[in-house]
Amino acid sequence: RIMDLRVEDHPAPLKELHRKQVELIGAQKNIFSALKELNEDPVRAFAAYRALPLVSREMAVVRAEFAGFLKRENISL
């Protein structure tokens, strides 16, 4: 569950990145839920469809920031 991912469980430099990522995952969940219910609420689904590219771009920024952190700290996965 997303709510089980607590910010306090991570090193200080990663807390903000983790918080952003969890927030964006929650936004993606809401978007996909709205898209799934297209027939029940087409206006909400359309709004979700319009928000998806923005959330995807923000997620890409967070991934790039995380990659930068790994590089700065000389951490390889």
Distance check, rounded to the nearest 0.5 Å: [X] atom [atom1] versus [Y] atom [atom2]?
X     : Y     : atom1 : atom2 : value
Leu24 : Ile31 : CG    : CD1   : 9.0 Å
Tyr49 : Leu52 : OH    : CG    : 8.5 Å
Met59 : Gln28 : CE    : CD    : 4.0 Å

Please name the pair of heavy atoms, one in [X] and one in [Y], separated by the smallest distance, quoted to 0.1 Å.
X     : Y     : result
Val62 : Leu17 : CG1-O, 4.0 Å
Ala45 : Leu38 : CB-CD1, 3.6 Å
Arg44 : Asn30 : NH2-O, 3.9 Å

- What pairs meet the side-chain hydrogen bond (donor to acceptor under 3.5 Å, both in side chains) rule with one or both residues in residues 60-70, with sequence neighbours excluded? Lys20-Glu65
- Any Phe69 side-chain heavy atom under 4.5 Å of Ile75 side chain: yes
- Message: Let me check something: do Leu35 and Ile25 share a hydrophobic cluster, defined by ILVMFWY side-chain heavy atoms less than 4.5 Å apart, either directly or through other members?
- Response: yes
